[in-house]
Protein chains: 2
Amino acid sequence: MSDQKTTSDTRERILDVAERLFMDNGYEATSMRAITSAAEVNLAAVNYHFGSKEALLCEVFRRRLTWLNEQRLQALDKLEAQAAGAPLKPSQILEAFFGTLLRMGEDPSLGGMTFLRLLGRTLTEPAEFIRTFFAGEYAQVIDRYKRALFRALPDVPKAEIVWRLHFMLGAMSYAIAGTDVLQVVTGCEVGDLAGEASCDDPDTVLARRLAERLMPFLLGGLRAPLPQFHEEANKQKEPSSKTV
Amino acid sequence: MSDQKTTSDTRERILDVAERLFMDNGYEATSMRAITSAAEVNLAAVNYHFGSKEALLCEVFRRRLTWLNEQRLQALDKLEAQAAGAPLKPSQILEAFFGTLLRMGEDPSLGGMTFLRLLGRTLTEPAEFIRTFFAGEYAQVIDRYKRALFRALPDVPKAEIVWRLHFMLGAMSYAIAGTDVLQVVTGCEVGDLAGEASCDDPDTVLARRLAERLMPFLLGGLRAPLPQFHEEANKQKEPSSKTV
DNA sequence: GTCTATAGGTGGATAGAC
DNA sequence: GTCTATCCACCTATAGAC
């Protein structure tokens, strides 16, 4: 990875095209032939550069997720440095986690909405190698954020926080992955929901509107009154509904 | 569909097995051969009974969704009759919509968690025929519930309600579809999150716990303060944050 | 309704020349 | 690094006997 003068853009072209086609059609329904012909490279090039179709998919994600993971950890580092030992506010944590991702959607050079949609869709793919891959990619970052939320919400049972983190991930993933489902389900064009018309790229506008809408929703869900518990409740709290 | 004395359970056996395999592997990765051999029927039986693999998938959903749609509409009818013209409470509407679905997860004869997971995963599949199918299946019910929410939250801009309905659908779908992602992402077993051990089927317990956890989260999100608006805000409200 | 047999096609991967 | 040619496993769907 050092001295090829033309680390020929073949590699990058394949990754760009694969990203788009995997998003449009899904992993299984996208053939190597479709990728290589759209990228105008030879069929054998994928196996030469990546080894297999599975490895190609992983590389499509790795090139974006490495950057995203760094950004998310840095955002948390920065907040914690500013707080000087005090717990963070939940809204700050959510902004660092979800805001960092959603800002990728506004920047085509980071993959834009194409990558975000692909990510949202692929997270629920059943294939074993995909689940294993994401587990490894996400483990460290999720763990850091989980601990930040535990500190930020000391009165909420940890199991409850974990559930809600999961709900938040789901709301975001579907909101991103299903921007076309949205139209269908709601009978509205995304343009109508986005507010005023804009001169920018529609995807960029969508990413911005999404962030504005999603963040209050997630925060409201995270801080909702706790559910009733049944027998002995969790260690730290009296059961009945209380706003956290 | 009337006089075959043995409307041989071949048909039902295929549907049951297809439901499970589509859930385990996804639509594209599940072959007719895998289905017919697991169901112990002949390879040609699927095409005889359903016509094609696509039609089989649609039928897998139709046999559950028809019932679900009826239940959801009846639940709303009943609430509206009780209210005698007054708007419903948001919590009632969510209970009717999401509670009805989640109760399917507790009843294996209605598909149980297998069907719920399949539904959650399939909603984001890119294949055109799937999107078209769901659009037709859901349109009527979603429209009724949308209008109920508009009435229940007259001070919230309609576009905002539509966004939040979408977020809620997403949170629920992922929460269901990704109960194994949950383990991986959070480092917990589902059992740990479910609270006490139980003698029931683990999936049934999970469905119950999920409902208890999810409903407060969704309600908190739906009723969260409105986001800031930029230029001219929506017609009905002053912009800055207000709890609805 | 069920079965066998097969048509007719596409998939991922690789060997080996250049 | 790129290309052609090819292997072969597997797919959906159907024709036609029983």
Side-chain angles (χ1 to χ4, degrees), chain A residues 1-61 63 122 125-130 132-133, chain B residues 1-22 24-61 63 122 125-130 133:
Chain A
M1 59 193 73
S2 52
D3 53 9
Q4 315 98 310
K5 70 194 256 205
T6 318
T7 292
S8 94
D9 54 356
T10 296
R11 222 187 114 92
E12 292 301 311
R13 286 231 307 288
I14 292 173
L15 288 173
D16 289 340
V17 167
E19 184 171 71
R20 164 153 294 277
L21 292 185
F22 284 146
M23 186 274 280
D24 282 337
N25 314 315
Y27 172 74
E28 299 285 352
T30 303
S31 69
M32 308 267 272
R33 286 171 167 84
I35 294 168
T36 51
S37 78
E40 298 180 284
V41 302
N42 190 272
L43 172 59
V46 169
N47 282 292
Y48 175 79
H49 285 281
F50 303 98
S52 71
K53 189 186 174 186
E54 292 192 359
L56 170 61
L57 181 71
C58 292
E59 190 54 34
V60 165
F61 281 104
R63 92 178 153 151
T122 311
E125 288 262 329
E128 186 62 29
F129 82 94
I130 296 179
T132 308
F133 172 77
Chain B
M1 59 193 72
S2 52
D3 53 9
Q4 314 96 312
K5 70 193 252 209
T6 320
T7 291
S8 92
D9 54 356
T10 297
R11 222 186 113 92
E12 293 300 312
R13 285 232 308 288
I14 292 173
L15 288 173
D16 289 341
V17 167
E19 184 171 71
R20 163 152 296 276
L21 291 185
F22 283 146
D24 281 337
N25 314 315
Y27 173 73
E28 299 286 351
T30 303
S31 70
M32 307 267 269
R33 284 174 164 81
I35 294 169
T36 52
S37 80
E40 299 181 285
V41 302
N42 189 271
L43 172 60
V46 170
N47 283 293
Y48 175 78
H49 284 281
F50 303 98
S52 70
K53 188 185 175 187
E54 291 193 359
L56 170 61
L57 180 71
C58 291
E59 191 54 35
V60 165
F61 281 104
R63 90 177 154 152
T122 311
E125 287 262 329
E128 186 63 28
F129 82 94
I130 297 179
F133 172 78

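Each chain gets a letter, A, B and so on, in the order the sequences are listed, and its residues count up from 1.
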So if I take every side-chain heavy atom of [X] and compare against [options], which nucleotide ends up nearest?
{"X": "Y48(B)", "options": "dG1(D), dG12(C), dT2(C)", "answer": "dT2(C)"}
{"X": "N47(B)", "options": "dG12(C), dT14(D), dT2(D)", "answer": "dT14(D)"}
{"X": "M32(A)", "options": "dA13(D), dG12(C), dT2(C)", "answer": "dG12(C)"}

Any non-hydrogen side-chain atom of [X] less than 4.5 Å from a side-chain atom of [Y]?
{"X": "M32(B)", "Y": "L43(B)", "value": "yes"}
{"X": "L57(A)", "Y": "F129(A)", "value": "yes"}
{"X": "R11(B)", "Y": "E59(B)", "value": "yes"}
{"X": "L15(A)", "Y": "L56(A)", "value": "yes"}
{"X": "T10(A)", "Y": "Y48(A)", "value": "no"}

Rounded distance in Å - [atom1] ([X]) to [atom2] ([N]):
{"X": "I35(B)", "N": "dC11(D)", "atom1": "CD1", "atom2": "P", "answer": "11 Å"}
{"X": "L43(A)", "N": "dT14(C)", "atom1": "CG", "atom2": "P", "answer": "12 Å"}
{"X": "E28(B)", "N": "dG12(C)", "atom1": "CD", "atom2": "P", "answer": "12 Å"}
{"X": "H49(A)", "N": "dA13(C)", "atom1": "NE2", "atom2": "P", "answer": "15 Å"}
{"X": "N25(A)", "N": "dG11(C)", "atom1": "CG", "atom2": "C1'", "answer": "15 Å"}
{"X": "N42(B)", "N": "dT14(D)", "atom1": "CG", "atom2": "P", "answer": "15 Å"}
{"X": "L56(A)", "N": "dG11(C)", "atom1": "CG", "atom2": "C1'", "answer": "15 Å"}
{"X": "I14(A)", "N": "dT2(D)", "atom1": "CD1", "atom2": "C1'", "answer": "11 Å"}

Determine: side-chain N/O of T10(B) to OP1/OP2 of dT2(C), distance under 4.0 Å, yes or no.
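For dT2(C), OP1 or OP2 has a side-chain N or O of T10(B) closer than 4.0 Å.
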Reckon T30(A) touches a base, only the sugar-phosphate, or nothing at all at heavy-atom distances under 4.0 Å?
sugar-phosphate
With nearest nucleotides of DNA chain C determined for S31(A) and A44(A) from heavy-atom distances, which residue corresponds to the more 5′ nucleotide?
S31(A)
